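Numbers restart at 1 for each chain; the letters A, B, ... are given by sequence-line order, proteins then strands. These numbers come from a predicted model, not from an experiment. Below, all heavy atoms of this structure are taken into account, side chains as well, without hydrogens, waters or symmetry copies.
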2 protein chains.
Amino acid sequence: MATEGSGTVGKALGVLTLLGEHPHGATAAEIAEEVDYPFSTVYRLLTTLVRTGFAAYDAREKRYQLGLRVYQLGQKVASAHGFEGAALPVLQRLTEVTGESSVLHVRDGDHSLTVHKVDGPQFRTTTDPGDLSPLHTTASGKVLLAFADRATREHLLATLELTPRTEHSITDREELARQVEQIRAQGWAGQSEENDIGMVAVAAPVLSGSNRLIAAVTLAAPKFRADLEDLRRHLAPLQDATAELSVKLPQRP
Amino acid sequence: MATEGSGTVGKALGVLTLLGEHPHGATAAEIAEEVDYPFSTVYRLLTTLVRTGFAAYDAREKRYQLGLRVYQLGQKVASAHGFEGAALPVLQRLTEVTGESSVLHVRDGDHSLTVHKVDGPQFRTTTDPGDLSPLHTTASGKVLLAFADRATREHLLATLELTPRTEHSITDREELARQVEQIRAQGWAGQSEENDIGMVAVAAPVLSGSNRLIAAVTLAAPKFRADLEDLRRHLAPLQDATAELSVKLPQRP
DNA sequence: CCACTACTTCCACATAATGAAAACGTCTGC
DNA sequence: GCAGACGTTTTCATTATGTGGAAGTAGTGG
(Lines give C-alpha, C1' and ligand atoms only; values in the text may rest on other atoms or scores of the structure.)
Protein backbone atom coordinates (compact mmCIF):
# COMPACT_ATOMS: atom_id res chain seq x y z
CA MET A 1 0.00 0.00 0.00
CA ALA A 2 1.28 3.37 -1.04
CA THR A 3 2.64 5.92 1.40
CA GLU A 4 -0.24 7.63 3.12
CA GLY A 5 1.23 11.10 3.10
CA SER A 6 4.45 12.91 3.61
CA GLY A 7 4.25 14.37 7.12
CA THR A 8 4.40 12.76 10.50
CA VAL A 9 0.64 12.61 10.76
CA GLY A 10 0.43 10.88 7.42
CA LYS A 11 2.87 8.25 8.63
CA ALA A 12 0.85 7.70 11.78
CA LEU A 13 -2.34 7.26 9.81
CA GLY A 14 -0.53 4.94 7.46
CA VAL A 15 0.50 2.77 10.37
CA LEU A 16 -3.08 2.83 11.63
CA THR A 17 -4.42 1.74 8.26
CA LEU A 18 -1.86 -1.01 8.14
CA LEU A 19 -2.94 -2.27 11.53
CA GLY A 20 -6.35 -2.78 9.96
CA GLU A 21 -4.82 -5.38 7.68
CA HIS A 22 -3.58 -7.44 10.61
CA PRO A 23 -6.67 -8.74 12.38
CA HIS A 24 -4.57 -10.64 14.87
CA GLY A 25 -2.15 -7.80 15.40
CA ALA A 26 1.46 -7.31 14.43
CA THR A 27 4.66 -6.62 16.30
CA ALA A 28 6.33 -3.25 16.05
CA ALA A 29 9.15 -4.77 14.04
CA GLU A 30 6.76 -6.30 11.50
CA ILE A 31 5.05 -2.98 11.01
CA ALA A 32 8.32 -1.13 10.61
CA GLU A 33 9.27 -3.69 8.01
CA GLU A 34 6.04 -3.27 6.08
CA VAL A 35 5.90 0.52 5.99
CA ASP A 36 9.67 0.76 5.63
CA TYR A 37 10.23 3.48 8.21
CA PRO A 38 13.03 3.22 10.75
CA PHE A 39 12.05 1.12 13.71
CA SER A 40 12.26 3.84 16.30
CA THR A 41 9.96 6.06 14.25
CA VAL A 42 7.33 3.37 14.05
CA TYR A 43 7.74 2.59 17.70
CA ARG A 44 7.15 6.20 18.67
CA LEU A 45 4.07 6.41 16.46
CA LEU A 46 2.70 3.22 17.94
CA THR A 47 3.04 4.41 21.52
CA THR A 48 1.21 7.60 20.62
CA LEU A 49 -1.56 5.60 18.97
CA VAL A 50 -1.83 3.38 22.02
CA ARG A 51 -1.85 6.30 24.42
CA THR A 52 -4.79 7.82 22.58
CA GLY A 53 -6.71 4.55 22.30
CA PHE A 54 -6.45 4.27 18.52
CA ALA A 55 -4.27 1.21 18.89
CA ALA A 56 -4.08 -1.42 21.58
CA TYR A 57 -1.03 -3.29 22.74
CA ASP A 58 -1.33 -6.84 23.92
CA ALA A 59 1.64 -7.22 26.25
CA ARG A 60 1.10 -10.96 26.49
CA GLU A 61 1.30 -11.53 22.77
CA LYS A 62 3.54 -8.54 22.08
CA ARG A 63 1.25 -7.44 19.33
CA TYR A 64 -0.28 -4.13 18.34
CA GLN A 65 -3.74 -3.95 16.84
CA LEU A 66 -6.49 -1.43 16.24
CA GLY A 67 -7.93 0.04 19.42
CA LEU A 68 -11.49 0.49 20.54
CA ARG A 69 -11.50 4.22 19.83
CA VAL A 70 -11.44 3.32 16.16
CA TYR A 71 -14.55 1.23 16.63
CA GLN A 72 -16.17 3.96 18.64
CA LEU A 73 -15.57 6.56 15.94
CA GLY A 74 -16.59 4.08 13.27
CA GLN A 75 -19.98 3.79 14.91
CA LYS A 76 -20.38 7.56 14.76
CA VAL A 77 -19.75 7.41 11.04
CA ALA A 78 -22.25 4.59 10.73
CA SER A 79 -24.96 6.53 12.46
CA ALA A 80 -24.18 9.71 10.52
CA HIS A 81 -24.61 7.80 7.26
CA GLY A 82 -27.55 5.73 8.44
CA PHE A 83 -25.63 2.48 8.07
CA GLU A 84 -27.13 0.80 11.11
CA GLY A 85 -30.82 0.29 11.43
CA ALA A 86 -32.70 1.03 8.27
CA ALA A 87 -30.59 -0.61 5.61
CA LEU A 88 -30.36 -4.23 6.71
CA PRO A 89 -34.07 -5.14 6.58
CA VAL A 90 -34.27 -3.88 3.00
CA LEU A 91 -31.37 -6.12 1.99
CA GLN A 92 -32.89 -9.03 3.86
CA ARG A 93 -36.15 -8.69 1.97
CA LEU A 94 -34.31 -8.41 -1.32
CA THR A 95 -32.42 -11.62 -0.62
CA GLU A 96 -35.63 -13.36 0.44
CA VAL A 97 -37.42 -12.41 -2.75
CA THR A 98 -34.58 -13.17 -5.14
CA GLY A 99 -32.76 -15.94 -3.32
CA GLU A 100 -29.42 -14.27 -4.09
CA SER A 101 -26.94 -12.33 -1.94
CA SER A 102 -27.49 -8.59 -1.65
CA VAL A 103 -24.82 -6.10 -0.69
CA LEU A 104 -24.80 -2.37 0.10
CA HIS A 105 -21.81 -0.37 -1.12
CA VAL A 106 -20.70 3.25 -0.91
CA ARG A 107 -17.87 4.91 -2.75
CA ASP A 108 -14.77 5.52 -0.66
CA GLY A 109 -12.42 7.54 -2.82
CA ASP A 110 -11.38 5.29 -5.70
CA HIS A 111 -12.79 2.14 -4.16
CA SER A 112 -16.12 0.58 -3.37
CA LEU A 113 -16.66 -0.01 0.33
CA THR A 114 -18.87 -2.86 1.49
CA VAL A 115 -21.21 -1.58 4.18
CA HIS A 116 -23.65 -4.43 4.68
CA LYS A 117 -24.37 -7.75 3.11
CA VAL A 118 -26.98 -10.46 3.41
CA ASP A 119 -25.83 -13.75 1.97
CA GLY A 120 -28.26 -15.91 0.09
CA PRO A 121 -29.10 -19.38 1.37
CA GLN A 122 -26.78 -21.14 -1.04
CA PHE A 123 -23.39 -19.50 -0.78
CA ARG A 124 -21.38 -16.64 0.63
CA THR A 125 -20.03 -13.60 -1.13
CA THR A 126 -16.35 -12.93 -0.79
CA THR A 127 -16.42 -9.39 0.63
CA ASP A 128 -17.29 -8.49 4.18
CA PRO A 129 -18.41 -5.20 5.67
CA GLY A 130 -15.38 -2.93 5.78
CA ASP A 131 -13.72 -4.45 2.73
CA LEU A 132 -12.71 -2.37 -0.28
CA SER A 133 -13.11 -3.46 -3.90
CA PRO A 134 -11.99 -1.84 -7.16
CA LEU A 135 -14.43 0.40 -9.00
CA HIS A 136 -13.77 -0.99 -12.46
CA THR A 137 -14.20 -4.71 -11.82
CA THR A 138 -17.39 -4.79 -9.77
CA ALA A 139 -21.01 -4.08 -10.59
CA SER A 140 -21.36 -1.83 -7.56
CA GLY A 141 -18.14 -0.04 -8.47
CA LYS A 142 -19.31 0.72 -12.00
CA VAL A 143 -22.57 2.08 -10.61
CA LEU A 144 -20.74 4.23 -8.07
CA LEU A 145 -18.52 5.49 -10.85
CA ALA A 146 -21.29 6.08 -13.38
CA PHE A 147 -23.55 8.03 -11.05
CA ALA A 148 -20.91 10.10 -9.26
CA ASP A 149 -21.15 13.81 -10.00
CA ARG A 150 -19.50 14.80 -13.25
CA ALA A 151 -16.33 16.27 -11.77
CA THR A 152 -15.37 13.17 -9.76
CA ARG A 153 -16.62 10.84 -12.49
CA GLU A 154 -14.36 12.39 -15.08
CA HIS A 155 -11.49 12.57 -12.66
CA LEU A 156 -11.84 8.90 -11.76
CA LEU A 157 -12.30 7.82 -15.36
CA ALA A 158 -9.06 9.58 -16.25
CA THR A 159 -6.97 8.44 -13.32
CA LEU A 160 -8.21 5.01 -12.16
CA GLU A 161 -5.64 2.30 -12.33
CA LEU A 162 -7.25 -0.40 -14.43
CA THR A 163 -5.47 -3.35 -12.85
CA PRO A 164 -7.16 -6.53 -14.03
CA ARG A 165 -8.49 -8.95 -11.39
CA THR A 166 -9.39 -11.73 -13.82
CA GLU A 167 -9.04 -12.31 -17.53
CA HIS A 168 -12.49 -10.70 -17.99
CA SER A 169 -11.63 -7.45 -16.20
CA ILE A 170 -11.87 -4.22 -18.13
CA THR A 171 -8.42 -2.86 -18.85
CA ASP A 172 -9.23 -0.37 -21.60
CA ARG A 173 -10.10 3.14 -20.50
CA GLU A 174 -12.24 3.73 -23.59
CA GLU A 175 -14.22 0.60 -22.93
CA LEU A 176 -14.83 1.65 -19.32
CA ALA A 177 -16.04 5.09 -20.41
CA ARG A 178 -18.38 3.45 -22.93
CA GLN A 179 -19.83 1.14 -20.28
CA VAL A 180 -20.24 4.03 -17.85
CA GLU A 181 -22.34 5.91 -20.42
CA GLN A 182 -24.49 2.87 -21.02
CA ILE A 183 -24.95 2.32 -17.30
CA ARG A 184 -26.05 5.92 -16.85
CA ALA A 185 -28.56 5.43 -19.62
CA GLN A 186 -30.00 2.11 -18.49
CA GLY A 187 -29.81 2.73 -14.77
CA TRP A 188 -27.99 -0.43 -13.72
CA ALA A 189 -24.68 -2.24 -14.18
CA GLY A 190 -23.72 -5.85 -14.69
CA GLN A 191 -20.54 -7.82 -14.26
CA SER A 192 -19.62 -11.35 -15.19
CA GLU A 193 -16.47 -12.82 -13.69
CA GLU A 194 -14.70 -9.49 -13.90
CA ASN A 195 -13.76 -9.44 -10.22
CA ASP A 196 -13.83 -13.11 -9.21
CA ILE A 197 -13.95 -16.15 -11.39
CA GLY A 198 -17.31 -17.84 -10.95
CA MET A 199 -19.26 -14.78 -9.81
CA VAL A 200 -21.78 -12.61 -11.59
CA ALA A 201 -23.58 -9.54 -10.26
CA VAL A 202 -25.92 -6.68 -11.09
CA ALA A 203 -26.09 -3.39 -9.23
CA ALA A 204 -28.27 -0.28 -9.13
CA PRO A 205 -27.75 3.15 -7.60
CA VAL A 206 -29.45 4.63 -4.55
CA LEU A 207 -30.11 8.26 -5.48
CA SER A 208 -31.26 11.05 -3.22
CA GLY A 209 -34.25 13.25 -3.99
CA SER A 210 -31.98 15.67 -5.79
CA ASN A 211 -30.43 12.83 -7.79
CA ARG A 212 -27.19 12.75 -5.88
CA LEU A 213 -25.57 9.34 -5.51
CA ILE A 214 -25.76 7.89 -2.02
CA ALA A 215 -24.94 4.20 -2.37
CA ALA A 216 -25.24 1.14 -4.58
CA VAL A 217 -27.02 -2.17 -4.05
CA THR A 218 -25.63 -5.33 -5.60
CA LEU A 219 -27.20 -8.70 -6.26
CA ALA A 220 -24.53 -11.36 -6.62
CA ALA A 221 -24.74 -15.02 -7.58
CA PRO A 222 -22.38 -17.86 -8.47
CA LYS A 223 -21.96 -18.42 -12.19
CA PHE A 224 -22.86 -22.10 -12.00
CA ARG A 225 -26.36 -21.22 -10.89
CA ALA A 226 -27.16 -18.01 -12.70
CA ASP A 227 -25.81 -15.97 -15.58
CA LEU A 228 -26.22 -12.28 -16.18
CA GLU A 229 -29.51 -12.88 -17.97
CA ASP A 230 -30.95 -14.64 -14.92
CA LEU A 231 -29.95 -11.79 -12.66
CA ARG A 232 -31.54 -9.26 -14.99
CA ARG A 233 -34.86 -10.86 -14.16
CA HIS A 234 -34.38 -9.63 -10.61
CA LEU A 235 -33.95 -6.03 -11.69
CA ALA A 236 -37.44 -5.05 -10.53
CA PRO A 237 -37.03 -6.11 -6.88
CA LEU A 238 -33.51 -4.66 -6.91
CA GLN A 239 -34.85 -1.31 -8.00
CA ASP A 240 -37.62 -1.53 -5.43
CA ALA A 241 -34.92 -1.90 -2.82
CA THR A 242 -32.87 1.06 -4.04
CA ALA A 243 -36.01 3.19 -4.16
CA GLU A 244 -36.83 2.27 -0.58
CA LEU A 245 -33.27 3.00 0.54
CA SER A 246 -33.23 6.39 -1.15
CA VAL A 247 -35.97 7.36 1.27
CA LYS A 248 -34.54 5.64 4.33
CA LEU A 249 -30.91 6.62 4.08
CA PRO A 250 -30.17 10.13 5.34
CA GLN A 251 -30.18 12.73 2.60
CA ARG A 252 -27.20 14.94 2.00
CA PRO A 253 -28.57 17.37 -0.59
CA MET B 1 -12.05 16.83 26.41
CA ALA B 2 -8.45 16.82 27.52
CA THR B 3 -5.54 17.23 25.15
CA GLU B 4 -4.92 13.99 23.39
CA GLY B 5 -1.16 14.12 23.49
CA SER B 6 1.73 16.45 23.08
CA GLY B 7 3.13 15.74 19.63
CA THR B 8 1.76 16.54 16.22
CA VAL B 9 0.23 13.12 15.85
CA GLY B 10 -1.55 13.51 19.17
CA LYS B 11 -3.07 16.76 17.97
CA ALA B 12 -4.24 15.15 14.76
CA LEU B 13 -5.87 12.29 16.65
CA GLY B 14 -7.44 14.81 19.01
CA VAL B 15 -9.00 16.60 16.07
CA LEU B 16 -10.22 13.28 14.72
CA THR B 17 -11.82 12.38 18.03
CA LEU B 18 -13.44 15.76 18.19
CA LEU B 19 -14.92 15.28 14.74
CA GLY B 20 -16.70 12.28 16.21
CA GLU B 21 -18.60 14.61 18.49
CA HIS B 22 -19.99 16.57 15.58
CA PRO B 23 -22.29 14.20 13.70
CA HIS B 24 -23.23 16.92 11.23
CA GLY B 25 -19.70 18.14 10.80
CA ALA B 26 -17.92 21.28 11.89
CA THR B 27 -16.04 24.05 10.13
CA ALA B 28 -12.30 24.34 10.49
CA ALA B 29 -12.73 27.47 12.56
CA GLU B 30 -15.10 25.77 15.00
CA ILE B 31 -12.65 22.95 15.48
CA ALA B 32 -9.72 25.30 16.00
CA GLU B 33 -11.82 27.08 18.59
CA GLU B 34 -12.67 23.88 20.43
CA VAL B 35 -9.22 22.35 20.55
CA ASP B 36 -7.60 25.73 21.03
CA TYR B 37 -4.80 25.32 18.55
CA PRO B 38 -3.91 28.05 16.07
CA PHE B 39 -6.15 28.00 13.06
CA SER B 40 -3.47 27.24 10.49
CA THR B 41 -2.33 24.25 12.51
CA VAL B 42 -5.81 22.78 12.60
CA TYR B 43 -6.29 23.54 8.96
CA ARG B 44 -3.14 21.68 8.03
CA LEU B 45 -4.13 18.70 10.14
CA LEU B 46 -7.57 18.62 8.58
CA THR B 47 -6.24 18.59 5.04
CA THR B 48 -3.98 15.69 5.94
CA LEU B 49 -6.91 13.82 7.47
CA VAL B 50 -9.00 14.44 4.38
CA ARG B 51 -6.22 13.40 2.03
CA THR B 52 -5.94 10.07 3.81
CA GLY B 53 -9.69 9.49 3.98
CA PHE B 54 -9.96 9.74 7.76
CA ALA B 55 -11.99 12.91 7.40
CA ALA B 56 -14.30 14.14 4.66
CA TYR B 57 -14.88 17.70 3.57
CA ASP B 58 -18.27 18.73 2.32
CA ALA B 59 -17.45 21.69 0.09
CA ARG B 60 -21.13 22.58 -0.24
CA GLU B 61 -21.70 22.86 3.49
CA LYS B 62 -18.14 23.86 4.30
CA ARG B 63 -18.01 21.24 6.99
CA TYR B 64 -15.52 18.59 7.97
CA GLN B 65 -16.66 15.25 9.38
CA LEU B 66 -15.32 11.78 9.93
CA GLY B 67 -14.41 9.94 6.76
CA LEU B 68 -15.28 6.49 5.54
CA ARG B 69 -11.84 5.11 6.32
CA VAL B 70 -12.74 5.40 9.97
CA TYR B 71 -15.83 3.30 9.37
CA GLN B 72 -13.81 0.83 7.37
CA LEU B 73 -11.26 0.38 10.13
CA GLY B 74 -14.01 0.30 12.73
CA GLN B 75 -15.48 -2.73 10.98
CA LYS B 76 -12.13 -4.48 11.20
CA VAL B 77 -12.13 -3.91 14.93
CA ALA B 78 -15.69 -5.20 15.13
CA SER B 79 -14.83 -8.41 13.36
CA ALA B 80 -11.64 -8.89 15.38
CA HIS B 81 -13.65 -8.64 18.60
CA GLY B 82 -16.63 -10.59 17.31
CA PHE B 83 -18.94 -7.64 17.68
CA GLU B 84 -21.01 -8.36 14.60
CA GLY B 85 -22.75 -11.62 14.19
CA ALA B 86 -22.86 -13.67 17.31
CA ALA B 87 -23.69 -11.13 19.99
CA LEU B 88 -26.95 -9.60 18.82
CA PRO B 89 -29.16 -12.72 18.87
CA VAL B 90 -28.15 -13.38 22.45
CA LEU B 91 -29.21 -9.90 23.49
CA GLN B 92 -32.42 -10.21 21.53
CA ARG B 93 -33.35 -13.38 23.34
CA LEU B 94 -32.50 -11.81 26.69
CA THR B 95 -34.77 -8.87 25.96
CA GLU B 96 -37.51 -11.20 24.80
CA VAL B 97 -37.40 -13.24 27.97
CA THR B 98 -37.12 -10.34 30.40
CA GLY B 99 -38.99 -7.61 28.55
CA GLU B 100 -36.22 -5.12 29.43
CA SER B 101 -33.46 -3.52 27.38
CA SER B 102 -30.18 -5.39 27.15
CA VAL B 103 -26.85 -3.82 26.29
CA LEU B 104 -23.36 -5.17 25.59
CA HIS B 105 -20.43 -3.14 26.91
CA VAL B 106 -16.66 -3.42 26.78
CA ARG B 107 -14.12 -1.44 28.72
CA ASP B 108 -12.35 1.26 26.71
CA GLY B 109 -9.69 2.67 28.98
CA ASP B 110 -11.45 4.43 31.82
CA HIS B 111 -14.86 4.30 30.19
CA SER B 112 -17.51 1.79 29.30
CA LEU B 113 -18.16 1.54 25.57
CA THR B 114 -21.60 0.54 24.32
CA VAL B 115 -21.19 -2.08 21.60
CA HIS B 116 -24.73 -3.29 20.98
CA LYS B 117 -28.11 -2.75 22.48
CA VAL B 118 -31.58 -4.18 22.06
CA ASP B 119 -34.26 -1.92 23.45
CA GLY B 120 -37.22 -3.41 25.25
CA PRO B 121 -40.72 -2.91 23.89
CA GLN B 122 -41.57 -0.12 26.29
CA PHE B 123 -38.79 2.45 26.12
CA ARG B 124 -35.35 3.29 24.82
CA THR B 125 -32.09 3.38 26.67
CA THR B 126 -30.08 6.55 26.43
CA THR B 127 -26.80 5.21 25.10
CA ASP B 128 -26.19 4.11 21.54
CA PRO B 129 -23.48 1.89 20.09
CA GLY B 130 -20.26 3.88 20.10
CA ASP B 131 -21.16 5.94 23.15
CA LEU B 132 -18.92 6.08 26.22
CA SER B 133 -20.18 6.06 29.81
CA PRO B 134 -18.33 6.47 33.12
CA LEU B 135 -17.20 3.36 34.95
CA HIS B 136 -18.36 4.44 38.41
CA THR B 137 -21.95 5.41 37.67
CA THR B 138 -23.14 2.51 35.54
CA ALA B 139 -23.84 -1.13 36.29
CA SER B 140 -21.80 -2.24 33.32
CA GLY B 141 -18.99 0.07 34.34
CA LYS B 142 -18.81 -1.33 37.83
CA VAL B 143 -18.68 -4.85 36.42
CA LEU B 144 -15.95 -3.91 33.96
CA LEU B 145 -14.04 -2.34 36.82
CA ALA B 146 -14.59 -5.15 39.29
CA PHE B 147 -13.54 -7.95 36.96
CA ALA B 148 -10.60 -6.24 35.27
CA ASP B 149 -7.26 -7.84 36.09
CA ARG B 150 -5.81 -6.70 39.38
CA ALA B 151 -3.23 -4.28 38.00
CA THR B 152 -5.69 -2.23 35.96
CA ARG B 153 -8.40 -2.57 38.59
CA GLU B 154 -6.22 -1.06 41.26
CA HIS B 155 -4.91 1.57 38.93
CA LEU B 156 -8.41 2.61 37.94
CA LEU B 157 -9.70 2.54 41.50
CA ALA B 158 -6.91 4.88 42.50
CA THR B 159 -7.10 7.28 39.58
CA LEU B 160 -10.71 7.41 38.33
CA GLU B 161 -12.29 10.81 38.50
CA LEU B 162 -15.46 10.28 40.49
CA THR B 163 -17.49 13.03 38.89
CA PRO B 164 -21.12 12.62 39.96
CA ARG B 165 -23.76 12.30 37.25
CA THR B 166 -26.75 12.45 39.58
CA GLU B 167 -27.26 12.95 43.29
CA HIS B 168 -27.05 9.17 43.71
CA SER B 169 -23.68 8.77 42.01
CA ILE B 170 -20.82 7.33 44.01
CA THR B 171 -18.28 10.04 44.82
CA ASP B 172 -16.35 8.36 47.60
CA ARG B 173 -13.38 6.25 46.57
CA GLU B 174 -13.70 4.01 49.63
CA GLU B 175 -17.32 3.33 48.86
CA LEU B 176 -16.49 2.43 45.29
CA ALA B 177 -13.75 0.02 46.41
CA ARG B 178 -16.20 -1.58 48.82
CA GLN B 179 -18.82 -2.06 46.12
CA VAL B 180 -16.23 -3.48 43.75
CA GLU B 181 -15.31 -6.14 46.30
CA GLN B 182 -18.94 -7.02 46.80
CA ILE B 183 -19.53 -7.22 43.05
CA ARG B 184 -16.56 -9.55 42.67
CA ALA B 185 -18.03 -11.74 45.39
CA GLN B 186 -21.60 -11.85 44.15
CA GLY B 187 -20.86 -11.87 40.44
CA TRP B 188 -23.09 -8.99 39.37
CA ALA B 189 -23.58 -5.26 39.85
CA GLY B 190 -26.60 -3.03 40.32
CA GLN B 191 -27.24 0.66 39.90
CA SER B 192 -30.23 2.80 40.75
CA GLU B 193 -30.39 6.31 39.28
CA GLU B 194 -26.63 6.69 39.62
CA ASN B 195 -26.14 7.59 35.96
CA ASP B 196 -29.54 8.88 34.86
CA ILE B 197 -32.48 9.87 36.98
CA GLY B 198 -35.27 7.39 36.43
CA MET B 199 -33.11 4.45 35.32
CA VAL B 200 -32.08 1.27 37.10
CA ALA B 201 -29.85 -1.50 35.81
CA VAL B 202 -28.08 -4.74 36.66
CA ALA B 203 -25.03 -6.09 34.85
CA ALA B 204 -22.94 -9.26 34.78
CA PRO B 205 -19.52 -10.03 33.33
CA VAL B 206 -18.69 -12.11 30.28
CA LEU B 207 -15.59 -14.07 31.26
CA SER B 208 -13.36 -16.15 29.03
CA GLY B 209 -12.44 -19.73 29.77
CA SER B 210 -9.39 -18.53 31.67
CA ASN B 211 -11.50 -16.08 33.65
CA ARG B 212 -10.34 -13.00 31.83
CA LEU B 213 -12.91 -10.26 31.42
CA ILE B 214 -14.22 -9.86 27.88
CA ALA B 215 -17.36 -7.73 28.18
CA ALA B 216 -20.38 -6.93 30.33
CA VAL B 217 -24.09 -7.35 29.69
CA THR B 218 -26.56 -4.92 31.21
CA LEU B 219 -30.30 -5.15 31.76
CA ALA B 220 -31.79 -1.68 32.12
CA ALA B 221 -35.29 -0.53 32.99
CA PRO B 222 -37.09 2.69 33.86
CA LYS B 223 -37.54 3.26 37.57
CA PHE B 224 -41.29 3.79 37.30
CA ARG B 225 -41.75 0.24 36.14
CA ALA B 226 -39.11 -1.74 38.01
CA ASP B 227 -36.78 -1.26 40.92
CA LEU B 228 -33.51 -3.01 41.59
CA GLU B 229 -35.32 -5.87 43.32
CA ASP B 230 -37.40 -6.53 40.22
CA LEU B 231 -34.33 -6.61 38.02
CA ARG B 232 -32.62 -9.06 40.36
CA ARG B 233 -35.32 -11.54 39.45
CA HIS B 234 -33.90 -11.51 35.94
CA LEU B 235 -30.41 -12.45 37.08
CA ALA B 236 -30.77 -16.03 35.90
CA PRO B 237 -31.51 -15.24 32.24
CA LEU B 238 -28.88 -12.51 32.37
CA GLN B 239 -26.27 -14.98 33.49
CA ASP B 240 -27.43 -17.45 30.87
CA ALA B 241 -26.72 -14.78 28.31
CA THR B 242 -23.24 -13.99 29.63
CA ALA B 243 -22.42 -17.69 29.73
CA GLU B 244 -23.48 -18.05 26.13
CA LEU B 245 -21.48 -15.02 25.09
CA SER B 246 -18.36 -16.24 26.84
CA VAL B 247 -18.38 -19.11 24.38
CA LYS B 248 -19.38 -17.13 21.32
CA LEU B 249 -17.13 -14.09 21.65
CA PRO B 250 -13.58 -14.70 20.49
CA GLN B 251 -11.22 -15.68 23.26
CA ARG B 252 -8.07 -13.74 23.94
CA PRO B 253 -6.43 -15.94 26.58
C1' DC C 1 -19.74 47.60 -1.74
C1' DC C 2 -18.40 46.63 2.60
C1' DA C 3 -18.45 43.31 6.33
C1' DC C 4 -18.32 38.62 7.25
C1' DT C 5 -17.06 33.92 7.15
C1' DA C 6 -14.18 30.33 5.67
C1' DC C 7 -10.66 28.47 3.10
C1' DT C 8 -5.83 28.70 1.25
C1' DT C 9 -1.01 29.98 0.81
C1' DC C 10 3.36 31.87 2.47
C1' DC C 11 7.60 31.97 5.15
C1' DA C 12 11.17 32.90 8.97
C1' DC C 13 11.74 30.48 13.12
C1' DA C 14 12.39 26.99 16.67
C1' DT C 15 10.17 23.13 18.16
C1' DA C 16 9.54 18.54 17.64
C1' DA C 17 10.41 14.47 14.92
C1' DT C 18 14.33 11.78 13.45
C1' DG C 19 16.98 7.45 13.44
C1' DA C 20 21.18 5.06 14.84
C1' DA C 21 22.69 2.85 18.65
C1' DA C 22 22.76 0.82 22.94
C1' DA C 23 20.37 -0.96 27.15
C1' DC C 24 16.90 -3.84 28.78
C1' DG C 25 13.68 -7.84 29.37
C1' DT C 26 12.21 -12.39 28.40
C1' DC C 27 11.93 -16.27 26.24
C1' DT C 28 14.19 -20.74 23.97
C1' DG C 29 17.23 -24.36 23.14
C1' DC C 30 21.65 -26.25 23.74
C1' DG D 1 23.20 -21.33 33.03
C1' DC D 2 24.60 -19.26 28.98
C1' DA D 3 24.22 -17.57 24.15
C1' DG D 4 21.34 -15.80 20.96
C1' DA D 5 16.95 -14.35 19.15
C1' DC D 6 13.38 -11.24 19.53
C1' DG D 7 11.01 -7.24 20.86
C1' DT D 8 10.55 -3.28 23.65
C1' DT D 9 12.36 1.04 25.79
C1' DT D 10 15.42 5.04 26.27
C1' DT D 11 18.90 8.26 24.84
C1' DC D 12 20.70 12.17 22.12
C1' DA D 13 22.87 15.28 18.63
C1' DT D 14 21.10 16.85 14.22
C1' DT D 15 18.12 19.00 11.24
C1' DA D 16 14.02 18.27 8.89
C1' DT D 17 9.40 19.45 9.93
C1' DG D 18 5.66 21.47 11.84
C1' DT D 19 4.50 26.03 13.63
C1' DG D 20 1.53 30.05 13.59
C1' DG D 21 1.02 34.89 12.46
C1' DA D 22 -0.32 37.31 8.63
C1' DA D 23 -1.78 38.29 4.15
C1' DG D 24 -4.52 36.54 0.10
C1' DT D 25 -8.66 34.50 -2.14
C1' DA D 26 -13.39 33.43 -2.66
C1' DG D 27 -18.15 33.32 -1.78
C1' DT D 28 -22.35 35.31 0.76
C1' DG D 29 -25.53 38.62 2.50
C1' DG D 30 -27.10 43.02 4.09
Next item on the list: Kindly assign one of parallel, tilted or perpendicular to the pair A:His81 and A:Phe83, based on the angle between their ring planes and the thresholds 30° and 60°.
Entry: tilted

Next item on the list: Let me have DNA chain C in dot-bracket notation, would you? Count Watson-Crick plus G-U wobble pairs, both distances under 3.5 Å, and use [ ] for pairs crossing earlier ones and | for inter-strand partners.
Entry: ||||||||||||||||||||||||||||||

Notebook entry, point to check: Hey, does A:Thr138 have a side-chain heavy atom less than 4.5 Å from the side chain of A:Thr218?
Noted result: no

Item checked: Atom-pair distance (CD1 on B:Ile31; C1' on C:dT5), nearest Å -> 15 Å

Check: Hey, are B:His22 and B:Glu34 close enough side-chain-wise for a donor-acceptor pair under 3.5 Å?
Finding: yes

Next item on the list: Take atom CD of B:Glu61 and atom P of C:dT5, then tell me their distance rounded to the nearest Å.
Entry: 18 Å

Margin query: For B:Gln182, give me all partners under side-chain hydrogen bond (donor to acceptor under 3.5 Å, both in side chains), at least two apart in sequence or on another chain.
Written below: B:Gln186

Item checked: Contacts of B:Lys76 that satisfy side-chain hydrogen bond (donor to acceptor under 3.5 Å, both in side chains) - sequence neighbours left out -> none

Note to self: From CZ of A:Arg60 over to C1' of C:dC27, roughly how many Å is that when rounded to an integer?
What the structure shows: 15 Å

Checklist line | Separation of D:dG7 C1' from A:Leu46 CG (nearest whole Å) | finding: 12 Å

Checklist line | Partners meeting ring-ring contact (aromatic ring centres under 6.0 Å, His included) with A:Tyr57 (sequence neighbours left out) | finding: A:Tyr64

Check: Who passes side-chain hydrogen bond (donor to acceptor under 3.5 Å, both in side chains) against B:Glu181, sequence neighbours left out?
Finding: none

Next item on the list: For each nucleotide in nucleotides 6-13 of chain C, reading 5' to 3', give B when a protein heavy atom comes within less than 4.0 Å of its base, S when such contact involves only the sugar-phosphate, and - otherwise.
Entry: SBBB----

Next item on the list: Identify the heavy atoms of B:His24 and B:Arg63 that sit nearest to each other, and give their distance.
Entry: O-CD, 3.1 Å

Next item on the list: Whole angstrom is fine here: how far is it from OH in A:Tyr37 over to P in C:dA17?
Entry: 15 Å

Note to self: If I take atom CD in residue A:Glu33 and atom P in nucleotide D:dT8, what distance separates them, rounded to the nearest angstrom?
What the structure shows: 14 Å

